[in-house]
Protein chains: 2
Amino acid sequence: MNTDPLQDIHLSISAVERDTGLSKDTLRMWERRYGFPSPTRDNNGERAYSLTQVEKLRLIVRLLALGHRPGKVIGLPTAALEAMGSRTAAATSSTPGSGPGETEPAEIAGFLELIRSHQLAGLRQRLLHKLATEGLSRFVCATVAPLNVAVGEAWIRGQLKVFEEHLYTEQIQSVLRTAISALPSPWQPPRVLLTSLPDEPHNLGLLMVEALLAVEGATCIPLGTETPCDEIARAARAHQIDVVALSFSASFGPRQAWAGLTQLRGLLPEPTALWAGGATMAQLRKPPPGIDRVVAFTDLLWMLGQWRQTRSTEPC
Amino acid sequence: MNTDPLQDIHLSISAVERDTGLSKDTLRMWERRYGFPSPTRDNNGERAYSLTQVEKLRLIVRLLALGHRPGKVIGLPTAALEAMGSRTAAATSSTPGSGPGETEPAEIAGFLELIRSHQLAGLRQRLLHKLATEGLSRFVCATVAPLNVAVGEAWIRGQLKVFEEHLYTEQIQSVLRTAISALPSPWQPPRVLLTSLPDEPHNLGLLMVEALLAVEGATCIPLGTETPCDEIARAARAHQIDVVALSFSASFGPRQAWAGLTQLRGLLPEPTALWAGGATMAQLRKPPPGIDRVVAFTDLLWMLGQWRQTRSTEPC
DNA sequence: GGACCTAAATTGTCCAGGACAAATCATTGA
DNA sequence: TCAATGATTTGTCCTGGACAATTTAGGTCC
């Protein structure tokens, strides 16, 4: 008898869709084409995926995000996939030379170590200290941004558990929100609406943008995440929005992003600017027409200045 | 020519799935069985839904949440649906008499009016004022809780747009998070892990719980929302957790909640307490064995006291 | 009248297998 | 080296059938 109770657990196709982000259609198609995953069937003849297979699926999803092709990786044994993951992550590892004024890699590693060793209080304390030392804007650009990248990479390599990443995200959000609250009331245009499209639940990027803009005195209207396109358009009208800022994390498909942005552009009045940022946007060759892409957080200040200059010379 | 650009916009079936929460399968099945929605087809023969139909679908989803049967409501004209919504919401409206010390219904209505008129600054200011007057604990129990109910009901009745509800949620979260940050460091057990199961993205309830517990000096470890069961168990071990607190909003199915709780109970060590709260839990006849149910926010303090008493007389 | 049980209707999800457009790769020619 | 073209890969959509789970309706007994 197997003593591990996890061995006997099987998931339905919808549970796997939830846990991996792969659509039911895709799961069935992979099975048809590549022979993996090959779930057993339950009493009703419905697919029952083992936890091992789900784990391997997650690994494959990570590799796809790194640029591998499905046909090349599905069907390889798990060990080979893991090796491939580490190799690619190392190769992809961005910008070995840290930018000017960016927090030292060693210090980033120190933060990672705090996360991994579950020292909640220590992590929080060091974040607050860094914030106090650098000021909000530099904290966001020079510390939080590279730390996010580091956490994302560690997660891709499987060096970070899901709950550790959750904890990190919560702490950063808490620190940023508190810092934003402490700022004086906004005193200048533009009025910026901050949100993400449905299927994009990550809030951290939006919060970082809000911090940078709020420091510059812009009026931020945060809607949280996952606002349907037509609702964004309604909100923009109701709040007399000048700029709609959207965030797309790496897990958001480029095709879907393009479609959503195009649709939203059509719903918004012409003078409203549409800024799109995040990992997905950075990967895109070219943004859809009428959309301003935010490649790095430091771009934001430039775009803000640009907007103000244009509007002050062309008053409505 | 129609001047409204929204008229010409059509959505794919996946976009409708995103925006309404109804699965592709369900959308096709409704079309097959009830003749609604009846999307036109694009050049590729694929379904193209008009915004009008999407709007009606959202309305139907609201009615289903109120307990109506699909067969009875799908196919009725929009006007009839709206009337039905108002009627049912009025009938379901809970607890006409406000509890002792609870914020006046008139004041709640005032808040609602601020939300509906998009006065972000005014809303925030009044929330902060109320918080300063009542203190954090009473603010959460006597103001935020009934306000949440009121907002939920207004949304069900269609008196509140999605983006208005998003804005409200963001503001409350901001206010609560700031208040929590301002509290002194925790100085007493228990150590409480706060999170929700996958498919439960609502964070507000968790934040309210965190506020109440933090005021009492308990150590809160917030993981954000949607943590898989096995990860919750891992986190509980890593952080030497005494109590795991889970939140289930009204949109979370009772059956799914029961299954998730039972599974989690099996994964957690015996001495770890498991507290479950939220609208779904309140509806449940009986909580699963080994799980403590939080019916109202005011229960929390009692449960906390109970826990401390038990543990002080039975020191490990 | 109410509690309890059974049969019928309702409803969401799953399945198979076909089709196709968009993206990507490989090849060729300038 | 770069651009254009054809082949391949890949995700999503379609139809129509099946079925388990839930809810409702009908009937019986206390």
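Within every chain, numbering begins at 1; the chains are lettered A, B, ... in the order of the sequence lines, protein sequences first and strands thereafter. As the structure is a computational prediction, the values presented were derived from the model and not from experiment.
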*Does S14(A) put a side-chain nitrogen or oxygen below 4.0 Å from OP1 or OP2 of dC14(C)?*
yes
*Does R234(A) come within less than 4.0 Å of E164(B), counting only side-chain N to carboxylate O?*
no
*Respond yes when some side-chain nitrogen or oxygen of R41(A) is under 4.0 Å from OP1 or OP2 of dA16(C), and no when none is.*
yes
_Under-4.0 Å side-chain N/O to phosphate OP1/OP2 contact, R69(A) with dT24(C)_ = no
*Protein-nucleotide distance (E17(A), atom CD; dT12(D), atom C1'), rounded to Å*: 13 Å
*Could you verify whether a donor N or O on one side chain and an acceptor N or O on the other, from H202(A) and E200(A), lie under 3.5 Å apart?*
yes
*asked:* Of the listed nucleotides (dT13(C), dC14(D), dA16(C)), which one gets closest to any side-chain atom of I13(B)?
replied: dC14(D)
*Tell me yes or no: between the side chains of H166(B) and T227(A), is some donor less than 3.5 Å from an acceptor?*
yes
*Could you state the CH2-P distance from W258(A) to dT12(D), rounded to the nearest angstrom?*
18 Å
*Enumerate the residues from residues 29-40 of chain B whose closest heavy atom to DNA chain D is under 4.0 Å, giving them by residue number; use none for an empty result.*
M29(B), R32(B)
*Return the 5'-most residue of the pair G71(A), D25(A) with respect to DNA chain D, ranking by each residue's nearest nucleotide.*
G71(A)
*asked:* Is it the case that atom NZ in K24(A) sees more than 12 heavy atoms from other parts of the structure closer than 6.0 Å?
replied: yes
*Value in whole Å for how far the P atom of dT11(C) lies from CD1 of I74(B)*: 7 Å
*Look at R28(A) together with E17(A) and state whether they make a salt bridge at an N to O cut-off of under 4.0 Å.*
no
*When you match E46(B) and G45(A) each to their closest nucleotide on DNA chain C, which lands nearer the 5' end?*
G45(A)
_Can you tell me if K24(B) touches the phosphate of dT12(D), counting only side-chain N or O atoms and a distance under 4.0 Å to OP1 or OP2?_
no
_If the cut-off is 4.0 Å, is S23(B) near the phosphate of dT13(C), judged by side-chain N/O to OP1 or OP2?_
yes
*In whole angstrom, give the distance that lies between atom CG of N43(A) and atom P of dC15(C).*
14 Å
*Kindly point out which of dT10(D), dT15(D), dC14(C) is positioned nearest to the side chain of R28(B)?*
dT15(D)
*Just by distance, with hydrogens left out, do T78(B) and E82(B) show a side-chain donor and acceptor under 3.5 Å apart?*
no
_dT13(C), OP1 or OP2 - any side-chain N/O from S12(A) closer than 4.0 Å?_
no
_Residues E226(A) and R18(B) bridged, charged N to O under 4.0 Å_ = no
*asked:* In whole Å, I'd like the distance from the CG atom of N44(A) to the C1' atom of dG12(C).
replied: 14 Å
*Can you tell me the distance, in whole Å, between the CG atom of L64(A) and the C1' atom of dT10(D)?*
11 Å
*asked:* Under 4.0 Å, heavy atoms only, any strand: does R47(B) hit a base, just the sugar-phosphate, or nothing?
replied: sugar-phosphate
*Determine, step by step, whether R58(B) and D230(A) satisfy the salt bridge (charged side-chain N to carboxylate O under 4.0 Å, His left out) criterion, reporting the C-alpha distance in whole Å, the side-chain angles of both residues, the deciding distance to 0.1 Å, and the verdict.*
CA-CA 12 Å; R58(B) 282 219 195 89; D230(A) 54 333; 3.3 Å; yes
_Value in whole Å for how far the P atom of dC20(C) lies from CG of D42(B)_ = 14 Å
*asked:* Expressed as a whole number of angstroms, how long is the span from I60(A):CD1 to dT10(D):C1'?
replied: 14 Å
